[in-house]
2 protein chains.
Amino acid sequence: MDLDQRIKDKMMKNNIRPSMPRTRIYKYLLEHRNHPTVDTIYKALQSELFSLSKTTVYNTLALFTDKGLVRAIGIEDKELRYDADLHTHGHFKCVKCHAIFDFELDLDTINLQGLSQFIAEDYHLNVKGVCRNCQEV
Amino acid sequence: MDLDQRIKDKMMKNNIRPSMPRTRIYKYLLEHRNHPTVDTIYKALQSELFSLSKTTVYNTLALFTDKGLVRAIGIEDKELRYDADLHTHGHFKCVKCHAIFDFELDLDTINLQGLSQFIAEDYHLNVKGVCRNCQEV
DNA sequence: TTCGTTTTTTGTAACGATTACAAATGTAGA
DNA sequence: TCTACATTTGTAATCGTTACAAAAAACGAA
């Protein structure tokens, strides 16, 4: 089964009608793991979806987030970024070059006794600092 | 030494001139650990600082954050919240009542091998879910 | 103290990401 | 095809935040 078909199946399984903008946006997120912003996605897809509206990108990402297809990551910027990678991982933001990196994270190793009173649904570990490249300068 | 004096000392130690708005804002943060927003602080202090400007609150909090007196926490909202509690802890946001809770967190228990390439300066663990009160409904 | 300089505060205007909303378009089923 | 519903679109509004320059306050030297 090819990628486009898998994307459609995934969407239908989550009660999302696989319209053209939606499948393109989801495909873009699957193929670009660099945590794009709404604007990045919008600009990238304009050439293939002539009439695409930015509102559609917003609507679609809100829908995806709601249905659990993607995660919104807000790491100190004012604009949200989106991530189709659902496996547990943290985000590192370099304060010098502003790039965002994924890093491996094993939630099981964390002592989360402090959360015993809560029903936790979603974990976001955001770390800021200096990335490898920027350390050399 | 009384609180006001300790606040002034703390500020001067961090190269922050202890002006009236600054000391009041810092004091407010020390006495209100519920992660207030800029607007909350602004409204609360208006009665005692007649001419206070919202810009001053923004400026002051940016300065405090820069000097390491407070931490800005951005937990999925568009507006930042501020926390004068510098001891390591996580933030839990209830998706039902939108309240934000602190929870104890031992960073040493986390396997952060994935960060070995980076120089980490700042950790933010944000968890979303349902708080104790909202579970009962 | 007084003058001149620097820092801080203030108010207004601008910015930018996001949302509201209603019209237009597309889609599915009878 | 017709009808009902879902989706997309464009524009306008919202709202937290920032830019900026003027006003006010604090400081240091003479």
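Hydrogens, waters and symmetry mates play no part in the numbers below; they use all other heavy atoms, side chains included. For clarity, every value in this text was computed on a predicted model and none was experimentally measured. Chain letters run A, B, ... following the sequence lines, proteins first, then strands; residues in each count from 1.
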Go through it in stages, so that I can follow the logic: the residues are T56(B) and L61(B), the test is side chain to side chain contact (heavy atoms under 4.5 Å, CB included), and I'd like the CA-CA distance, side-chain angles, deciding distance and then a yes or no. CA-CA 8 Å; T56(B) 299; L61(B) 291 171; over 6 Å; no
Could you walk me through whether K93(A) and H98(A) pass the side chain to side chain contact (heavy atoms under 4.5 Å, CB included) test, one step at a time? CA-CA 6 Å; K93(A) 172 162 185 179; H98(A) 305 117; 4.3 Å; yes
Can you list the steps and then say if T37(B) with Y42(B) is a side chain to side chain contact (heavy atoms under 4.5 Å, CB included)? CA-CA 9 Å; T37(B) 64; Y42(B) 173 65; over 6 Å; no
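Listed by residue number, the members of residues 50-58 of chain B with any heavy atom below 4.0 angstrom from DNA chain C are S51(B), L52(B), S53(B), T55(B), T56(B). Against DNA chain D, the stretch residues 39-46 of chain B makes no heavy-atom approach under 4.0 Å. Non-hydrogen atoms lying under 4.0 Å from DNA chain C are contributed by R17(B), S19(B), P21(B), R22(B), all within residues 10-30 of chain B.
A centroid separation of less than 6.0 Å is found between the aromatic rings of Y26(B) and F64(B). Checked against the 6.0 Å centroid threshold, F103(A) and F92(A) do not count as a close aromatic pair.
Of the possible polar contacts, none joining the T60(A) side chain to the R22(A) backbone as a donor-acceptor pair under 3.5 Å is found.
Counting to the nearest Å, the P atom of dA17(C) and the CG atom of N59(A) are 17 Å from each other. In this entry the distance linking NZ of K67(B) with C1' of dT8(C) reads 14 Å, nearest Å. Here the P atom of nucleotide dT10(C) and the CG atom of L49(B) are 8 Å apart, to the nearest Å.
Taking 4.0 angstrom as the limit, K78(B) places none of its side-chain polar atoms (N or O) nearer than this to OP1 or OP2 of dG16(C).
Between L69(A) and I16(A), the closest side-chain pair of non-hydrogen atoms falls below 4.5 Å.
Note that the first and last nucleotides of DNA chain D, 5' to 3', having any atom under 4.0 angstrom from a heavy atom of chain A are dA6(D) to dT18(D).
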Give every donor-acceptor pair under 3.5 Å between a side-chain atom in residues 29-36 of chain B and any protein atom, sequence neighbours left out.
from, atom 1, to, atom 2, distance (Å)
H32(B), ND1, Y28(B), O, 2.9
R33(B), NE, L30(B), O, 2.6
H35(B), NE2, H91(B), NE2, 3.4
H35(B), NE2, D102(B), OD1, 2.7

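For K8(B), the NZ atom counts as loosely surrounded, since its 6.0 Å shell holds 12 or fewer non-hydrogen atoms of other residues, nucleotides or ligands.
Grouped by direct or indirect side-chain proximity (heavy atoms under 4.5 Å, Ile/Leu/Val/Met/Phe/Trp/Tyr only), I119(A) sits with V95(B), V130(B).
No salt bridge links K13(A) with D9(A); every basic N to acidic carboxylate O contact stays at or beyond 4.0 Å.
Remark: the H87(B) side chain and the D85(B) side chain contain an N/O donor-acceptor pair separated by less than 3.5 Å.
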